[in-house]
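I have placed the structure first, in the form of structure tokens, so that the comments after it can refer back to it.
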Amino acid sequence: METLETEKPLLKPISDHSVDMTRHHGRNGVVSILLQPFQWLQMLSSRLNPSFVVGVVLVYGLNQGFSGSIFKVVTDYYWKDVQQVEPSVVQLYMGLYYIPWVMRPIWGLFTDVFPIRGYKRKPYFVVAGVLGVVSAVALVVFGKVPAALALSCLLGVSAAMAIAEVVIDACIATNSINIRSLAPDIQSLCMVCSSAGALVGYATSGVFVHRLGPQGALGVLALPPATIIILGIFFYEKRSSTVLLQKNKKDADGLGVAVKGMFKTIKYPQVWKPSLYMFISLALNISTHEGYFYWYTDPKAGPAFSQEFVGIIYAIGALASMFGVLIYHKKLKGYSFRNILFFAQLLYALSGMLDLVFIKRWNILLGIPDSFFVITEESFSRIISKIRWIPMIVLSTRLCPLGIEGTFFAFLMCIDSFGQLASKWSGGFVLHAFGVTRHEFGNLWLVILLRNVMRFATLCFVFLVPDSDHLDDLVPSEMLPKNQSEDADDDIKLLLLATSSSSSSSSLTIEVNLPLEDGNRFLLLRQFNRFLTQSRRESSIASNHNGRHTIILLQNSPSRATRTFMDYDSIGQAMDGICGLYERKLKEINPSLRNLSYDIADLYNFMDGFADMSALVYEHSMHAYLPYDRQWIKQKAFSHLKRLANGGR
């Protein structure tokens with residue numbers, strides 16, 4: 001992977017798509033290591049928008065990590081001690097928590113095609129925050145309520161988490177597509193924040209339950225949604241310039257395009273095969289959490305862990321998750337998705353056998369205390385789970401087509417939620433079928449054994465995952481959503497960028513419509529030459545040009561009506577223009593950028609995002625224009641940037 005350094009367009013080397021670690025003389029090695037996370041965050045903030053990074057921290061760290069961990073522990077004790085429900089029933093209730101997550105495509109559609117006052121993301125953060133605060137406060141204010149009402153309030157809290165995550169995931173998908181080299185780093189940031197938030201949440205959840213009781217501890221769930229409201233107010237988003245008079249028609253058209261594009265995309269084998277694997281890997285992992293939780297907190301049948309120690313177990317597990325993220329980020333992100341998921345699933349199945357050892361109390365026979373064994377088992381399981389989960393999320397972001405990335409990523413996450421829902425409900429039915437209740441755990445070991453067998457069976461489906469890494473193209477160009485109907489007028493938009501020889505900043509833009517006729521490029525070229533001569537004559541700048549130019553053709557979607565021609569005086573200016581298009585996209589992501597930095601692979605990815613990209617270059621020896629393809633443009637762009645990096649030599 002080659003990276004360039006130049007003054008115009010200000011590329012600077014980025015090693016392994018990560019932050020440069022400058023070693024100052026005399027700096028202590030330990031201090032340097034401690035500074036790496038901060039330098040990594042600084043790199044992400046410089047290449048992405050700082051409010052985006054803050055949004056990831058708040059949504060994944062506070063909303064998903066901290067609030068999610070509090071939610072898990074407190075609701076377990078709430079159903080067990082306050083509502084006094086059987087574990088198999090609680091398992092079914094937990095499945096219902098996933099209903100808002102299954103509805104993620106709906107939230108994604110709203111954020112993609114129904115902007116509020118010109119904003120697609122900001123208002124939905126506010127909506128999610130208000131819903132979460134109201135639902136959590138209601139549980140505390142009304143005291144003990146019927147199970148149905150309590151379940152409704154908890155569903156409201158879960159829905160708030162889901163909506164906020166869908167909104168930030170749409171931003172993540174967009175940035176992962178625009179800056180492909182940062183896709184693993186963005187997911188690592190999400191997982192680190194989630195694990196750090198979970199660490200704090202689990203460490204304090206037992207204290208909250210002990211001090212406030214399960215009912216009062218639910219009030220803590222109102223704090224994270226309040227920060228999401230603040231995020232919605234200050235989050236950076238460029239306001240769209242939709243004309244209010246055409247808003248309803250555009251919304252309807254946008255909804256139709258999004259739904260059509262979503263279903264078209266999922267039909268491709270490159271997309272439905274890995275999506276099917278993600279569902280299978282989650283659905284076959286039947287959940288036994290509630291039976292396991294009831295057992296190890298039972299004073300007679302199990303080890304009778306206290307509320308504080310249960311929180312400590314989960315907290316150490318969250319810390320282990322962060323270690324799993326670090327392993328993936330430092331050592332595994334360059335490997336293919338298939339290899340990582342195969343070995344991760346194999347280790348995941350083996351780690352499940354430790355639960356069986358604990359249930360049968362064989363650890364006591366080996367002289368290993370319960371507390372040490374369960375912490376070791378939880379740590380190992382969480383490390384493997386995280387290494388298994390991150391590649392699936394990165395893969396999901398790589399499957400999203402531009403234009404409907406929020407909707408389609410939410411759709412993929414909906415498939416995952418269906419898998420988790422199937423896991424929870426099938427686990428509840430299995431616990432009920434084997435007679436596992438609040439005080440009867442004789443067959444719990446058989447349930448654990450069946451779960452582990454299903455984990456091994458998942459290995460048979462790994463072939464569905466592509467044998468490629470995060471830099472490979474997974475989505476064909478024809479899967480990009482069409483901005484216009486196939487029945488639209490088959491005209492070509494001709495964009496003439498006439499640049500003065502004395503100043504690269506002064507330009508004149510002329511737009512004319514060209515009928516395509518029979519689609520023959522050379523007939524089109526003759527028409528182009530006529531319009532070019534006429535336009536330059538009419539613009540009174542003919543003296544600055546000799547009619548011999550470099551013409552770049554760009555086509556955004558398979559519809560030929562989206563073709564755009566850009567005319568430059570030289571190949572070098574054309575390459576500057578292409579780089580300028582990508583740099584403007586980066587500036588839209590983070591307007592505060594002063595010095596733009598990007599990897600050459602990201603520029604190539606931007607070029608690959610066009611359905612068609614080609615060039616027509618005037619050849620003086622032949623007195624004619626010759627056509628060149630996208631690969632030629634990439635080579636010329638690389639040579640041009642390399643020359644700029646060497647001071648123009």
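One is the number of the first residue; the rest follow in order along the sequence. Given the structure is predicted, the values throughout are model-derived calculations rather than measurements.
- The aromatic rings of Y582 and F606 sit tilted, their planes meeting at an angle between 30° and 60°.
- Scanning for side-chain hydrogen bond (donor to acceptor under 3.5 Å, both in side chains) contacts around K72 gives an empty result, with sequence neighbours left out.
- Annotation: side chain of I578 is in contact with side chain of M607 (closest heavy-atom distance under 4.5 Å).
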Identify all side-chain donor-acceptor contacts of residues 123-136 below 3.5 Å with residues at least two apart in sequence or on another chain.
residue : atom : partner : partner atom : Å
Y124    : OH   : F110    : O            : 3.3
Y124    : OH   : F114    : O            : 2.7
S135    : OG   : L131    : O            : 2.9

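- Y314 pairs by the ring pair (Phe, Tyr, Trp, His ring centres under 6.0 Å) definition with Y202, not counting sequence neighbours.
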I70 vs L221, side chain to side chain contact (heavy atoms under 4.5 Å, CB included): CA-CA, chis, key distance, verdict: CA-CA 7 Å; I70 294 289; L221 297 175; 3.7 Å; yes
V394 vs F337, side chain to side chain contact (heavy atoms under 4.5 Å, CB included): CA-CA, chis, key distance, verdict: CA-CA 9 Å; V394 175; F337 293 117; 4.0 Å; yes
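- Within 6.0 Å of OH in Y236 there are more than 12 heavy atoms belonging to other residues, nucleotides or ligands.
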Residues D416, F279; criterion side chain to side chain contact (heavy atoms under 4.5 Å, CB included); working and verdict: CA-CA 5 Å; D416 292 349; F279 172 80; 5.8 Å; no
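- Counting only heavy atoms from C-beta outward, the side chains of W107 and V167 never approach each other to under 4.5 Å.
- Minimum heavy-atom separation, I383 to G324: CG2-CA, 4.0 Å.
- Interatomic distance, OG of S417 versus CG of L282, reported as 9.0 Å (0.5 Å rounding).
- For the pair I168 and G55, the tightest heavy-atom approach, listed with the atom from each and the gap, is CD1-C, 3.9 Å.
- In this structure the side chain of L44 reaches within 4.5 angstrom of the side chain of L189, judged on heavy atoms.
- Ring pair F638/Y604: centre-to-centre distance not below 6.0 Å.
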When you look at L182 and M43, which way does the side chain to side chain contact (heavy atoms under 4.5 Å, CB included) test go after all the steps? CA-CA 10 Å; L182 288 184; M43 180 272 294; 4.0 Å; yes
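- Between the side chains of N285 and S423, no donor N or O sits under 3.5 Å from an acceptor N or O.
- Nearest heavy-atom pair, P100 versus A162, reported as atom, atom and distance to 0.1 Å: O-CB, 3.8 Å.
- Side-chain contact between M161 and E165 is absent, with no heavy-atom pair separated by less than 4.5 Å.
- The minimum heavy-atom distance linking I228 with A164 is given by the pair CG2-CB, 4.2 Å.
- Looking at residues two or more places apart in sequence or on another chain, you find a ring pair (Phe, Tyr, Trp, His ring centres under 6.0 Å) between W632 and Y628.
- Atom-to-atom distance recorded for L347:CG and R388:CZ is 11.5 Å, nearest 0.5 angstrom.
- Among all heavy-atom pairs drawn from K120 and P115, the shortest one is CG-CB, 4.0 Å.
- Using a 4.5 Å heavy-atom threshold, the side chains of P274 and Y277 count as separate.
- Heavy-atom neighbours of K122 NZ from other residues, nucleotides or ligands within 6.0 Å: above the threshold of 12.
- Within the 4.5 Å cutoff, side-chain heavy atoms of S336 are placed close to those of N339.
- Counting only heavy atoms from C-beta outward, the side chains of S275 and I266 approach each other to under 4.5 Å.
- Scored by the ring pair (Phe, Tyr, Trp, His ring centres under 6.0 Å) test, Y60 finds no partners at all (sequence neighbours excluded).
- Of the possible polar contacts, one joining the T204 side chain to the G201 backbone as a donor-acceptor pair under 3.5 Å is found.
- For the side chain to side chain contact (heavy atoms under 4.5 Å, CB included) test, residues two or more places apart in sequence or in another chain that qualify with L332 are I327, Y328, Y335, I340, I387.
- Atom CD1 of residue I106 and atom CD1 of residue I163 lie 10.5 Å apart, to the nearest 0.5 angstrom.
- Put simply, OG on S51 and CG on L231 are 7.5 Å apart, with the number rounded to the nearest 0.5 Å.
- Under the 3.5 Å distance criterion, the side-chain polar atoms of S194 are left unmatched by any main-chain donor or acceptor of M191.
- Using a 4.5 Å heavy-atom cutoff, the side chains of F235 and C171 are in contact.
- With no hydrogens or angles considered, no side-chain donor-acceptor pair links S188 and D185 at under 3.5 Å.
- Separating the CD1 atom in I172 from the OG atom in S396 is a distance of 11.5 Å, to the nearest 0.5 Å.
- Heavy atoms only, all atoms of each residue included: R382 and A320 are closest at CB-CB, 4.4 Å.
- In this structure, S195 contributes its side chain and V192 its backbone to no donor-acceptor pair below 3.5 Å.
- Remark: F418 CZ to I99 CD1 distance equals 9.5 Å, nearest 0.5 Å.
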